[in-house]
Peer 1: 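Before we start, here is the structure in question, set down as structure tokens.
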Amino acid sequence: MRTINSIKSISTGFLGQFLTISLQFISRTVFIHILGKEYLGISGLFTNVLHVLNMTELGIGTAIVYSLYKPLAENDKNKVSANLNFLKKSYFIIGCTIAGVGLLLIPFLPYIMKEITYQVNINVIYILYLFQSVASYWFFAYKGALLQADQKKYMANLIRYFVAVITVFIQIGTLVLFKSFMAYTIIGIASQVCVNIITARKVDKLYPYIKSNKNESLSKLEQKQIFKNIYGLSMYKINSTIVRSSDNIVISSFISTIAVGLYSNYHMIVGALLTMNKMIITSFTASVGNLYVTESKEKSVFVFRCLSFLSFWLYGFCSICLWILINPFISLWVGKDYLFNDFTVFVIVLDFLMDGYQRVPILYKDACGLFWQGRYRPFATTILNILLSIALAPSIGIAGVLLGTIISRLFTTWWFEPWLIYKYAFNSSCIKYFYKYISFFLLVIVTAAIVQVLCTPFTSVNWMSFIIRGLLSCLVPNLTFFLVYRNTEEFKYLVGAIKRMIIPLLRKLV
């Protein structure tokens, strides 16, 4: 059942996300040609400012999802309802807090917006973005946690992507007809509200007992345990938010808000790949949580090894594609005026690779409930990231901001998360994990260099050269990885798992 639900989550999420990303590229193209770099920078900046405010959530949703694994496995309907009721109250308070703090920040907006001509009412647009952020916690948003915990995230995926497709078409039409940034933003808010309401109705149908258990509540001891997990998670949440969202704020403050717009194009492409790969990896999150509480430790360790191997392969391959293709693609897409130099692109790709390789350890940390044990590590990462990014931004530019993120992660996160899992969840040494991490990382670097050499004759900026570079970027890395790792236990297990997924589907089609 775990495998079936994971397959559904992967397939629906992957296909839906691919369609949505394709439409977003079209929408972004229309946005750039109609509204220009300045509006693009404003959109990117406000999005990141509000991501910082979203750290008010402090990981409450993750803690509740973890608390739901056991009662769902035991069919304890009262306990499931009690956890959701707790999350409902928490999300309402979080929404109010974000709204209040967000409004207090309005007087400070000019200080983080450099080289903006203010052709639009900045305060009004900011308030609209703020309400969209608040809406992600109100309008029954808490009910989506139940689908995730019960390994039915694919249902939430279908709803989210269905609404997203409709939203993109409406936004494109609005841009073409009215050229209104404000209307474009309001449509985004309506989209978020629709996703929450439709998801909530689906949950009500699947779990009708929730409505009749509105008064169920957690005991003080259970609340204490959740708050303990939240305290541990809050450090991770704050760190993740600041590391991911402070970059654009630093860029806007020390370089320019227009630079945020240029970076947002790269960030959208990188984000699309992160989302697609993350979807494959995190579709196993609920399954991992269920596996951890129901199966042997040895099986959990082996699954961790296999997922890590899958992560190494996926993110390594995508990193090589980014390095070879991202500048030619942006040049063909929106023009050479939107390009970064090779060094900045290298730093962007390196940041993507290191971020991707963290996904499985973070997945396991959350699924195994190791929130408390690592509560202090994120504080060190956050401080290092802010200090280094601010120090490097004036001299190196956008590359300096991202280097601050990479260096802070290198000294803290990349080694700590695996160590934490092996020590507290697996009770064994993590040396072999690091050996495989470093060996795959070096293999990616060598393979990228080989592909770069092979692509040297195809430097012209046209679609034919881009297609040839794309084919080389796809074939060479995957063939290399296959030749090196085809005899490993992890590769054989994953191939077997894929066969078990595909063969039943083929039989149904035939």
Side-chain angles (χ1 to χ4, degrees), residues 24 27-57 91-139 141 163-164 166-197 241 245-265 267-268:
Q24 283 177 343
S27 176
R28 174 64 65 100
T29 304
V30 175
F31 187 103
I32 290 171
H33 286 293
I34 292 179
L35 299 180
K37 296 179 183 178
E38 191 168 73
Y39 285 99
L40 193 62
I42 293 170
S43 176
L45 175 63
F46 284 172
T47 298
N48 280 266
V49 168
L50 294 171
H51 279 169
V52 173
L53 290 180
N54 281 344
M55 68 184 179
T56 307
E57 196 263 353
Y91 270 13
F92 177 76
I93 295 172
I94 290 167
C96 292
T97 304
I98 291 174
V101 175
L103 290 172
L104 292 175
L105 290 179
I106 290 178
F108 300 96
L109 293 180
Y111 297 101
I112 61 172
M113 301 184 73
K114 194 174 181 181
E115 298 181 8
I116 285 294
T117 59
Y118 298 99
Q119 297 175 0
V120 67
N121 191 320
I122 296 296
N123 291 342
V124 173
I125 294 297
Y126 173 76
I127 290 172
L128 289 174
Y129 270 75
L130 178 62
F131 184 75
Q132 185 172 3
S133 181
V134 171
S136 66
Y137 296 99
W138 290 354
F139 305 103
V163 174
I166 296 174
T167 301
V168 168
F169 276 116
I170 296 175
Q171 286 181 321
I172 290 173
T174 301
L175 286 174
V176 172
L177 293 175
F178 304 108
K179 299 179 174 59
S180 172
F181 186 34
M182 191 172 297
Y184 178 91
T185 307
I186 291 172
I187 293 167
I189 298 172
S191 171
Q192 179 65 63
V193 174
C194 286
V195 168
N196 291 354
I197 293 175
T241 302
S245 301
S246 64
D247 288 349
N248 276 359
I249 298 174
V250 174
I251 292 169
S252 180
S253 302
F254 289 88
I255 303 172
S256 73
T257 304
I258 291 176
V260 174
L262 299 180
Y263 175 60
S264 70
N265 288 333
H267 189 267
M268 184 181 72

Peer 1: Out of Leu128, Leu103, Ile106, which one pairs with Asn123 under the side-chain contact (heavy atoms from CB on, under 4.5 Å) rule?
Peer 2: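 Testing each of Leu128, Leu103, Ile106 against Asn123, the sole residue satisfying side-chain contact (heavy atoms from CB on, under 4.5 Å) is Ile106.
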Peer 1: What closest approach, in Å, do Ile98 and Ser133 show between heavy atoms, and which atom pair accounts for it?
Peer 2: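 Closest heavy-atom pair between Ile98 and Ser133: CG2-OG, 4.0 Å.
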Peer 1: Between side-chain atoms of residues 182-196 and protein atoms elsewhere (two or more places apart, or another chain), which donor-acceptor pairs fall under 3.5 Å?
Peer 2:
unit_1	atom_1	unit_2	atom_2	d
Thr185	OG1	Phe181	O	2.9
Ser191	OG	Thr167	OG1	3.0
Gln192	NE2	Asn196	OD1	3.1
Asn196	ND2	Ala135	O	2.7
Asn196	ND2	Trp138	O	3.0

Peer 1: Taking side chain to side chain donor-acceptor pair (under 3.5 Å) as the test, write out the residues that go with Tyr129, two or more places apart.
Peer 2: Ser43
Peer 1: Quick check against the 3.5 Å criterion: does Tyr137 have a side-chain atom that pairs as donor or acceptor with the backbone of Cys96?
Peer 2: no
Peer 1: Taking only residues two or more places apart in sequence, or in another chain, which ones meet Thr29 in a side chain to side chain donor-acceptor pair (under 3.5 Å)?
Peer 2: Trp333
Peer 1: Out of curiosity, Leu130 CG to Leu105 CG, how far, rounded to the nearest 0.5 Å?
Peer 2: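 It is 8.5 Å, given to the nearest 0.5 Å.
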Peer 1: CG/Leu262 to CD1/Ile32 distance, rounded to the nearest 0.5 angstrom?
Peer 2: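 Those atoms lie 9.0 Å apart.
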Peer 1: Side-chain contact test, heavy atoms from C-beta onward, threshold under 4.5 Å: evaluate it for Ile94 versus Tyr91 and give yes or no.
Peer 2: yes
Peer 1: Rounded to the nearest 0.5 Å, what separation is found between the CD1 atom of Ile34 and the OG1 atom of Thr174?
Peer 2: 10.0 Å
